[in-house]
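Taking it in order: structure first as C-alpha cells, then the write-up.
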Amino acid sequence: MKIAVCIKQVPQTTEVKIDPETHTLVREGVESQINPFDLYALEEAVRVKERLAEQGEEAAVTVITMGPPQAEAALREAISLGADNAVLLSDRAFAGSDTWATSYALARGLAKIAPDLVFCGMQAIDGDTGQVGPGIAVHIDYAQAAYVACIEEISKKKITVKRLIENGYERVSLQLPAVLTVVKEINEPRTPSLRGKMNAKKAEITVWKASDIDAPEDKIGLLGSPTQVIKIFSPPHREGGEKWTGESHELADKLANLLKEMEVV
Amino acid sequence: MDYFFTEEQQFMRDVARDIAEKKIRPVAAHYDETGEFPWPEVKAMAEADLFRVFIDEKYDGMAGGSPIMNMCIVTEELSKACGGISLAFAATGLGTMPILVSANEEQKQKYLPQIASGTIAAFALTEANAGSDASGIQTRAVEDGDYFIMNGTKQWITNGGEADIYTVFAVTDPDRGARGVSAFIVEKGTPGFTFGKKEDKMGIRASATRELVFQDCKIPKENMLGKRGTGFFTAMKTFDMSRPGVGSQALGIAQGALDLAIAYSRQRRQFGAPISSFQGLRFMLADMAMKVEAARALIYSVARWIDQASPKKATAYSAMSKCFASDVAMEVTTNAVQIFGGYGYMKEYPIEKYMRDAKITQIYEGTNQIQRDEIGRGLVAAAAQSGC
C-alpha cells in the first residue's frame with residue numbers, strides 16, 4: 001500500500017509577526033517547524049504502515065510538501081520520524097498560492113505518486129483554514145473524511161474511521177483511495193529514532209517543479225488563487241474600560257446618565 | 001563546550017534529549033510518586049533505537065566502536081529529566097556488559113539483537129551478605145547433566161522482575177574462592193526463578209529494585225558465560241566498563257538540577273531583584289557548574305579511553321569517573337535545593353527529587369569508599385612496582 005502525508009513548514013513561534021508594509025508574515029529570523037497537526041498525520045501514517053506489516057502487507061510512507069527549498073529540512077525531519085521517501089514541490093510559479101491553488105498543486109503531485117491513502121493535519125497553525133486537506137480530496141477525486149480521531153479498521157480497499165464532530169463521533173467507512181485529515185487525539189507522536197536520523201541524513205529528496213506535475217500556470221501561484229488577501233494585520237490590543245468607584249447610589253446615577261447620553265434608554 | 005562528538009553521537013544525544021524532554025520530564029513526578037515501572041517511556045527509548053548504542057552492528061546495534069561513550073551520552077541526557085527512568089536504560093547496559101565481555105558467538109547471536117531492539121536486561125551479583133565484598137556470594141550452581149541447578153537469593157537487583165534477560169553470578173566451585181564463581185544468562189520464566197519483594201526506595205523510585213529467588217532453577221549449560229570459574233573476572237571487567245555509566249547518570253542528575261536552579265534564580269525575586277543578581281548566589285552557581293563540567297570531562301575521557309584503547313585494566317580511572325561524578329551530583333543537587341530555599345524542600349517543586357535520586361550514585365556499583373580504596377590501592381601498587 002502506498003501512503004502519503006502532506007506536511008507544511010510553519011514558523012516555530014506562535015507569536016507570528018506581520019510586516020506592516022507588505023502585509024505578509026515575517027519569516028526572517030524565525031525558526032521553522034513541521035506544522036504540529038501534521039506530526040499526528042505522519043505518526044498515524046507510520047502506524048498504519050506498521051499495522052499493515054503485522055498483517056503481512058508492505059507499505060511505504062511518502063511525505064510531500066510545497067514550499068521553498070528550505071522546506072527540505074521539514075521533509076528530512078519527517079524521514080527521521082518514520083517516513084520512507086520525500087517529495088518537495090518547489091517552483092517560483094507556486095509562490096502566493098492560496099488554499100485552492102495549494103491543494104491543486106499538492107493533488108497534482110499526489111496524482112503522480114498515486115497513493116491509496118493520504119493523511120493531512122486538520123489545519124496549519126499559521127493559516128488555520130483547514131481547507132487544504134479537503135481541497136486535495138476534491139482535486140484528486142478521492143473519498144475524504146476530515147477530523148479523524150481513530151482508524152478502526154483498514155483493508156486493501158476500505159477504511160473505517162471515527163470522526164470527531166461537534167457533539168460526539170461519527171463512524172464512516174470509505175472506499176480507498178481516500179484523504180483523511182486528523183485531529184490531535186488520534187495518537188501521541190513519537191520522537192525521532194536513531195535509524196530515522198541516519199536515514200534522513202542520507203535520503204534523496206525528490207524535487208518537482210510545476211512542469212513536472214503538469215500544473216498549468218493559471219491554476220497555481222497568485223494567478224491560480226481566487227482568494228486575494230487585501231490586508232493582514234495584528235488587531236490592536238483592546239484597551240481596558242473605565243473603572244468607577246464610589247457609593248452605589250452615586251454610581252447608579254452616573255450609569256443612568258451615561259445610558260441616557262448614549263440614547264440607549 | 002564542544003566535546004567533538006561524532007555525527008552519530010550528536011544524533012544519539014539529540015534523540016535521547018527529545019525523549020527526555022517530551023516523554024520523560026512530564027511524567028517524572030508521577031513515577032516518583034507511584035513507583036510504577038515506566039514501560040511506555042522504555043518503549044519510546046526502544047523505538048528510538050537507544051538500546052542499540054552499546055551493541056555492535058553485527059548484532060543489530062549501532063555502537064560504531066564506541067559503546068561506552070555512547071552509553072554515557074544517552075544516560076546523561078535521560079538522567080537530566082529523571083535519574084530513575086534513565087536507569088531502566090543504564091541498568092540494561094550493565095546487564096549487557098557481561099555478555100559483551102565474556103559471551104561466546106552463539107550467546108551473542110541469541111541475546112544481543114533482542115537487547116538491541118529493547119528487551120531489557122539486569123545484572124545480578126549483590127546478595128544480603130555480599131555487598132561491597134562481592135566475593136562472598138552464596139548463591140550456588142551445581143552441575144547436573146546438561147544443566148546447572150541454581151539455588152540462592154539475589155538482592156536489590158535493578159530492573160528485577162521487569163527485565164527478560166539476567167546475567168547472574170553464582171558459586172560453582174566453593175573451594176576455589178573468587179575463582180569458584182561463574183556467570184550465567186538466565187531468562188525470565190525459567191522454572192525455579194521467581195521474584196521477591198519490590199523495594200520502596202528513597203530515590204530513583206521509577207526504577208524497579210527487586211529480589212531474584214532461585215529454587216532448584218535449572219539453567220542449561222550453554223547459558224554459562226565464559227569459562228567455569230571466570231565469573232568474578234567477568235564481574236570486575238564489567239564494572240570497569242560500566243562505572244563511567246553510573247558517573248554519567250550522576251552527571252545528568254547534577255546538570256538537570258543545575259539547569260533548574262539557574263532558571264529558578266532568574267525568576268525568583270527578593271529584595272526587589274532576581275536572586276541571580278546576588279553575588280553569593282552566583283558564586284554557588286559557578287562552583288556547581290565548574291564541578292559538573294569537570295565530572296563531564298573526566299567521564300568522557302575515561303569512556304573514550306576504554307572504547308578506543310580497550311585497556312587491560314581500567315579499574316582506577318573507571319572508579320574515579322564514578323566516584324567523582326557521584327560526589328559532585330550529591331553536592332550540586334544539595335545546593336540546588338538550597339537555591340530554591342523553602343520551595344526546594346517542598347515536593348511540589350521538582351528539585352528535591354534530584355537530591356534523593358543523586359544519593360544512590362554514591363552507593364551502588366561499589367560505594368564511593370570502595371571506589372577510593374580501588375584507586376588508592378592502584379596508586380600504591382603502581383609505586384611499589386616502579387620501585388619508588
Side-chain angles (χ1 to χ4, degrees), chain A residues 5 7 10 12-14 31-54 59 61 63 72-84 86 121 125 184-204, chain B residues 5-27 38-57 59-64 66-67 69-71 73-75 77-78 80-81 85-86 89 93 113 115-118:
Chain A
V5 184
I7 68 169
V10 297
Q12 182 76 257
T13 172
T14 45
E31 293 248 352
S32 50
Q33 61 173 349
I34 296 178
N35 173 42
F37 289 110
D38 300 346
L39 291 174
Y40 296 89
L42 174 60
E43 175 68 27
E44 200 57 26
V46 175
R47 287 189 190 192
V48 166
K49 176 187 158 179
E50 290 168 349
R51 197 158 146 181
L52 290 170
E54 277 171 27
V61 175
V63 62
E72 191 188 305
L75 293 172
R76 287 195 190 277
E77 192 186 336
I79 290 173
S80 79
L81 290 163
D84 300 294
I125 57 159
K184 267 177 150 181
E185 70 171 81
I186 194 165
N187 58 44
E188 194 191 322
R190 72 194 66 189
T191 54
S193 70
L194 214 42
R195 284 178 169 176
K197 288 234 181 205
M198 306 277 191
N199 291 342
K201 185 188 135 197
K202 288 180 292 191
E204 295 264 348
Chain B
F5 288 180
T6 62
E7 190 175 36
E8 286 78 8
Q9 287 170 339
Q10 291 173 34
F11 287 161
M12 290 172 195
R13 179 194 58 204
D14 294 347
V15 164
R17 191 172 286 174
D18 256 347
I19 293 206
E21 291 306 320
K22 291 180 187 152
K23 306 283 181 191
I24 296 179
R25 196 180 291 280
V27 295
W39 273 117
E41 291 67 34
V42 171
K43 192 165 167 264
M45 294 175 202
E47 282 179 351
D49 301 316
L50 290 183
F51 290 99
R52 298 186 196 280
V53 306
F54 49 79
I55 291 174
D56 199 75
E57 278 70 3
Y59 310 104
D60 297 347
M62 302 175 89
S66 34
M69 182 65 184
N70 300 345
M71 184 178 69
I73 291 169
V74 171
T75 305
E77 287 305 324
L78 298 176
K80 285 180 190 172
I85 297 176
S86 70
F89 169 80
I115 295 169
S117 66

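Lettering of chains follows the sequences in order, A, B, ..., and the numbering in each one begins at 1. Heavy-atom basis, side chains included; hydrogens, waters and symmetry copies ignored.
The shortest non-hydrogen separation linking B:D49 to A:R195 is OD2-N, 2.8 Å.
Taking the side chain as every heavy atom from C-beta outward, B:D18 and A:P192 approach each other to under 4.5 Å. Side-chain contact between B:R52 and A:L194 is absent, with no heavy-atom pair separated by less than 4.5 Å.
Between the OG1 atom in A:T191 and the CD1 atom in B:I24 there is a gap of 9.5 Å [rounded to 0.5 Å]. If you take NZ on B:K43 and CZ on A:R190, they are separated by 8.0 Å, rounding to the nearest 0.5 Å.
Annotation: maximal heavy-atom pairing with chain A below 4.5 Å, among B:M62, B:E8, B:E47, occurs at B:M62.
Under a cut-off of 6.0 angstrom, the local environment of CD in A:E188 is sparse, with at most 12 non-hydrogen atoms contributed by other residues, nucleotides or ligands.
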